[in-house]
K.L.:
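Below are the C-alpha cells for one structure; questions will follow.
Residue numbers start from 1 in every chain, and the chains themselves are labelled A, B, ... in the order their sequence lines are given, proteins ahead of strands. Computed over heavy atoms, backbone and side chain alike; hydrogens, waters and symmetry mates excluded.
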Amino acid sequence: MASIPASTPAAMPALVADHLCRRFRGVTAVADVSLHIAEGARFGIIGPNGAGKTTLFNMLSGELRPTSGRVALFGRDITTLRPYRRVALGLGRTFQITRVFGDLTVLENLTLALHGLSRTKMSLLRPWRSYRGTTGEAEELAASFGLAGRLGTPASELSHGEIRELEVLLALALKPRVLLLDEPAAGLSPAERVGISTLLRSLSAGLTLVMIEHDIDLLRGVVDSAAVLHHGSLVLEGTMRELQRDEQVRELYLGRAAPGGSS
Amino acid sequence: MTAAGGGTPAAASPAGVGTPAAAPAGRAARLALAGLERSRRLTGPVAGVAAAVILVLLLQGNGFASTLVVDILVYAVAAMSLDFMAGYAGLISLGQAGFLGVGAYGVAIAENHFFSPWAAVGIALGAVLALGLALGIVAVRTKGVSFVIITLALGQVLYGLAYQWTGLSEGDNGITLANLPSAGPFDLNDPLTLRMTVLVVFAVTVLLLLLFVHSPFGLSLRGVRSNEARLAALGYRTGLHRYLAWVIAVFFAGVAGVLYIFVNDLISPTTMAFSADGFLVVMVVLGGLGSIWGPALGAVVIVLFQQELSTYVTRWQTLMGLTLIAVVLVSPGGFWGLVRAAGRRRDALIARLRAGQPGRPGPADGPGPAPEGPPLAFEAAKPGTEPPQAP
Amino acid sequence: MPEFIAQTLNGLTLAGVVFLVSSGFTLVFGIMRVTNLAHGAVYLLGGYIGYSVIGSTGNFFYGLAAAALATGAFGFLLERTLIARLRRSEMAELLATLGLIYVIDDVALAIWGGTPLTVNLPGVLGKSSTLPVDGIVYPNGRIFVLGVSVVVAAALYYLLRRTRLGAIIRAGVDDREMVGALGVNVRLANTLVFTLGALLAGFAGVLGGTVLGLYTGADSDMLLFALAVVIVGGLGSFEGAILGSLLIGLVVDYGTAYFAAFAYSVLFIPVIVVLLVKPQGLLGKQGT
C-alpha cells in the first residue's frame with residue numbers, strides 16, 4: 001500500500017487520499033489513510049462502527065478539513081475546497097442520515113438538484129416549472145429509478161427505501177464523475193435493499209463509486225474491491241474475494257463464514 | 001391516496017370483481033364530482049375578481065372604510081415581504097418594522113432637507129436598500145433563533161435612532177410630511193389618486209413576490225428552509241441566497257414605509273417600536289407562513305383588531321396575544337394552512353369520486369392545482385432521524 | 001475624573017440589573033433551547049408587583065420577595081402549561097412567548113396604567129453617601145443594587161459549579177440528549193430552571209425599578225439589553241452573561257452619557273463586532 005502519487009495521465013486515478021489524518025481534541029479519528037481509486041472503479045470501505053469511515057468521507061467531500069494529508073480529484077488538489085466547489089468538479093455524495101428536502105415534492109427535490117450547477121438557480125423572474133428541459137430531466141431521472149409515480153409526493157411522505165433512492169438520485173442529478181455513498185442501505189428492509197442494489201448496479205460504468213456499507217451481500221453485488229478501516233487506520237485492502245478469505249477480516253467484520261463457504 | 005375501495009375493512013368485497021362498495025357511483029356522485037371540480041377550477045379566479053372589485057369599490061368612498069382598506073394594504077405589503085423571507089427562507093425577522101420606518105423617515109427627512117417629493121422617495125428607497133445590503137451581511141451570518149434575536153436587536157436599534165437622534169428625526173414628535181409627489185395630472189396629494197396608487201403598488205408587490213416565489217430562486221429558498229446543508233452540498237451558495245432574500249424583503253418593507261407616510265402624513269418612532277415588529281410577525285403567522293396571500297389576510301385581521309376592535313375591547317392586545325398563542329398551538333399553518341388543508345381534502349374527495357367513475361380519464365395524480373408542499377409549519381419536516389440543526 | 005467614575009458606577013449598576021435578567025434568559029436557553037421573548041415583560045411585571053406590595057406594606061424587602069415569588073410562580077405555571085406543549089418546535093415556543101408579551105404588557109397597562117413609576121428605597125438606601133474615591137457623592141441605592149447583583153451572581157455561580165442541579169444544567173447546555181439518556185429527570189430540571197429564570201427576572205424588576213424606573217417599554221428595553229448580552233456573551237453561557245452584561249452595561253451607559261443621540265445604537269457596536277468575528281458569542285460554544 002505504498003502511496004505513489006499518480007504521475008502519468010493515463011493512470012490518473014479518479015480519487016486520491018494522501019496520508020489523511022483527522023484528530024479531534026486528542027482523539028484520532030482517522031490515522032494516515034491513503035487510497036488510490038481508479039476511474040470507473042467500484043470500491044468499498046468497510047469496518048466496524050467508529051472506525052472512522054464517515055470521518056474519512058467527510059474529508060473527501062469537504063465537510064471536514066483534514067488535520068494533515070491531501071485529497072485529489074482527477075489529479076487536482078481539492079483538500080481546501082468547500083463542498084460546493086468539489087461538487088462543481090464532479091464529486092458527489094450521499095449521506096448516512098438522509099438529507100432530502102422533506103417539505104418539497106420529489107419533483108421539486110430533483111429540480112433543485114438539477115439547477116444546482118447552472119446559473120439558472122438565481123433566476124428570479126421565470127417560474128421554475130417553465131424550465132421544461134430541467135423538469136423533463138427530473139422526471140426522467142425519477143422514472144428511470146422507479147419514482148415516476150411519486151413526483152408530486154412530499155419527500156417526507158416517502159417510504160424509507162424511496163427516500164434512500166431519492167438521496168442517490170439527488171447526488172446523480174449533479175452528474176458526478178465520482179460518487180461517495182455513505183451506507184446507502186442503512187435501515188432498509190431486505191426488500192428495499194434489493195431496490196437500492198438494483199439502482200446502484202445500473203449506474204453507468206464510467207462513474208466511479210466509493211461506498212461505505214455493512215451489508216456484505218450488497219457490497220458483493222456492487223463493489224469489486226474494498227479497504228478495511230479499523231480504529232482510523234487502513235488495515236487491509238484488496239478485492240472482495242481476497243478480503244472474504246482473509247481470516248482476520250472474516251472474524252472481525254464479516255462474521256464467520258462456514259468453512260468452504262464464501263463467494 | 002385512497003384506492004377505490006377505501007374506507008373501512010368491512011367495505012372490502014368478498015370475491016369477484018371488486019365493486020367499489022365505498023365509492024358512491026351513479027348520478028349523484030357524477031354531479032358531486034362535477035361540482036367539486038368546477039369549484040376547484042374557479043375558486044381562485046372568482047375569489048380574486050371578487051376581492052379586486054370589493055377593493056376598488058371600498059377605495060372609492062372617502063369614509064372610514066377606505067382609510068381602513070388603505071391601511072391594510074400598506075401593512076400587507078410589509079407583511080408579505082416578511083413572509084417572503086420567513087416563510088420561504090426560514091428567516092423570521094423581528095425587525096421588519098424598523099425598515100418600514102426607515103422608508104417612511106427617509107421620505108420625511110429628505111423633504112425636510114429640501115428635496116423634492118420624488119427625489120425624497122428615491123432617497124428613502126436608496127437608504128433602505130443601502131441599509132439592507134449593509135446589515136444583511138451581519139444578519140445572515142446567523143440562523144434560526146439567533147437570527148430572530150439579531151433582527152430584533154437591529155430593529156430596536158433603528159427605533160432607538162429614530163427616538164434619540166432628535167436632530168434628524170425630531171424624536172418623539174415625529175415628522176409631518178408636507179408634500180406628496182405629483183407629476184402633471186397625476187397628483188398623490190389627491191386622496192383618491194393616492195388610494196388607487198397604494199392599491200396598484202400592492203398589486204405589483206403581490207405579482208413580483210409570487211413571481212419570485214415560483215422561480216428557481218424561490219425554490220432554492222424553500223430548499224434553504226428545508227435543509228440548508230444539503231442544498232450547499234448540491235452546489236448552492238446558500239448564504240448568498242439568504243442574503244438576497246433578506247435584501248428583497250427589507251426593500252419591500254421600505255416601500256411599505258413610503259406608502260405609510262404618504263397615507264398617514266406623519267411618521268413617529270412608535271411605528272418602529274417593538275410592538276410593531278411583533279404585529280408584522282403576528283400577521284404573517286396568523287395568515288400563514290409560507291404563502292404570499294396569507295399575510296395579506298393576517299394584515300386584514302390585525303388592522304381590524306387595532307382599529308375596530310379597540311373601540312369595543314380595550315384589551316384588544318391581550319386578545320391578539322392570545323390569538324397568536326392559540327394559532328401556534330392549534331394551527332401552525334395559520335389561516336392559509338386551513339385553506340390548504342380544505343383544498344387537500346377536496347382533492348382527495350375528487351380523486352375518490354373519480355376512481356368510482358368507470359372510464360373517466362383524469363389527469364395523473366401529480367402535483368395538481370393545489371399549491372405544492374405539505375402543510376405549513378414553523379420548521380422543515382424532517383424525514384428519518386435528522387439531528388436538529390443548530391441555530 | 002470623578003464624573004467618569006460616577007458614570008462607570010452607573011454602568012456597573014446597569015450591568016448588574018441586566019445580568020440578573022440575562023442570566024435567567026441564557027440558562028433557560030442553554031438547557032431547554034427556549035427563547036423566552038417574554039422575559040422582559042416578566043421583568044417589568046415583577047417590578048410592578050414589587051411596587052404595589054411596597055406601596056401597601058411599606059416594606060421594600062417584602063416587595064422584593066413578593067415580586068420574585070410571584071414571577072417565579074408565573075414562570076412555573078407557564079413552563080408546565082405552554083412551554084411543555086410546544087417542546088417539538090423552537091420557533092413555535094418563541095412565537096408563543098411573543099404572544100405572551102402582548103398579554104402581559106396589556107394586563108400590566110390595565111392594572112398599573114401608563115405613567116412611569118419609580119420604586120422607592122427605604123431609609124439609608126434612599127440616601128447618598130460620599131465615596132472614598134475622589135469624594136464623589138453617590139446614591140446608596142445604586143451601590144445596593146450593584147452589591148445585590150454581585151451576591152446573586154456569586155450564588156448562581158455556586159449553584160452551577162457546586163450543586164447537582166448546576167451540573168445538570170451545565171451538562172444540558174453541552175448536550176441535551178445525553179442528559180436525558182443519563183436518567184436525569186429532565187422535565188424537572190427544565191421546570192426548575194425556567195422558574196428560576198422567571199424569579200430572577202421579577203427580582204431584577206424591582207431593583208431596576210429603583211434605578212431605572214418602571215414604564216411602558218421598559219420591557220422592550222431590557223429585552224434588547226438581554227439579547228445583546230447573549231449575542232455578545234454566547235447563548236447558553238453563564239460566564240458569557242457576566243462578561244456580556246459588563247460590556248453592554250458600560251457601553252450603554254457611556255453611550256447615553258456621552259453620545260445622547262446614539263445611546264442605543266452604541267450597543268450595536270459590540271454586537272456587530274462579535275457577529276463578524278465570533279458569531280456564536282465570545283464565550284459561546286460552536287454550533288449554538
K.L.:
Are there more than 12 heavy atoms of other residues, nucleotides or ligands under 6.0 Å from atom CZ of A:Phe74?
P.N.:
yes
K.L.:
Any residues in residues 170-191 of chain A near chain B, with a heavy-atom distance under 4.5 Å, and which are they?
P.N.:
A:Leu170, A:Ala171, A:Leu174
K.L.:
Taking CZ in A:Arg85 as the centre, count heavy atoms belonging to other residues, nucleotides or ligands within less than 6.0 Å. Is the count above 12?
P.N.:
no
K.L.:
For residues 71-80 of chain A, which residue pairs qualify under side-chain hydrogen bond (donor to acceptor under 3.5 Å, both in side chains), counting only residues two or more places apart or in two chains?
P.N.:
A:Arg70-A:Asp77, A:Asp77-A:Thr79
K.L.:
If I measure from the heavy atoms of chain A, does B:Leu240 come under 4.5 Å with its side chain, its backbone, both, or neither?
P.N.:
side chain
K.L.:
Against chain B, label A:Arg82 side chain, backbone, both or neither, depending on which of its atoms sit under 4.5 Å from a heavy atom there.
P.N.:
neither
K.L.:
Name the member of A:Ser123, A:Pro83, A:Ser130 that forms the most heavy-atom pairs with chain B at distances under 4.5 Å.
P.N.:
A:Ser123
K.L.:
Give a yes or no on whether the backbone of A:Phe101 and the side-chain of B:Asn227 come within a donor-acceptor separation of less than 3.5 Å.
P.N.:
no
K.L.:
Side chain, backbone, both or neither: which part of A:Ala88 has a heavy atom under 4.5 Å from chain B?
P.N.:
neither
K.L.:
What's the spacing between A:Leu125 CG and B:Leu211 CG if we round to 0.5 Å?
P.N.:
5.0 Å
K.L.:
Quick check: closest heavy atoms across A:Glu167 and B:Arg230, and the distance to 0.1 Å?
P.N.:
OE2-NH1, 2.8 Å
K.L.:
Evaluate whether atom CZ of B:Arg237 has more than 12 neighbouring non-hydrogen atoms of other residues, nucleotides or ligands under 6.0 angstrom away.
P.N.:
no
K.L.:
Of all the heavy-atom pairs spanning B:Pro216 and A:Pro127, show the shortest one and how long it is.
P.N.:
CD-C, 4.4 Å
K.L.:
How far does CG of A:Leu104 sit from CZ of B:Arg222, to the nearest 0.5 angstrom?
P.N.:
5.0 Å
K.L.:
Would you compute the distance between atom CG of A:Leu124 and atom CG of B:Leu244 and round it to the nearest 0.5 angstrom?
P.N.:
6.0 Å
K.L.:
Taking all heavy atoms of B:Tyr236 and all of A:Leu112, pick out the closest pair and write down the distance.
P.N.:
OH-O, 2.6 Å
K.L.:
Please classify the contact of A:Thr120 with chain B as side chain, backbone, both or neither, using a heavy-atom distance under 4.5 Å.
P.N.:
backbone
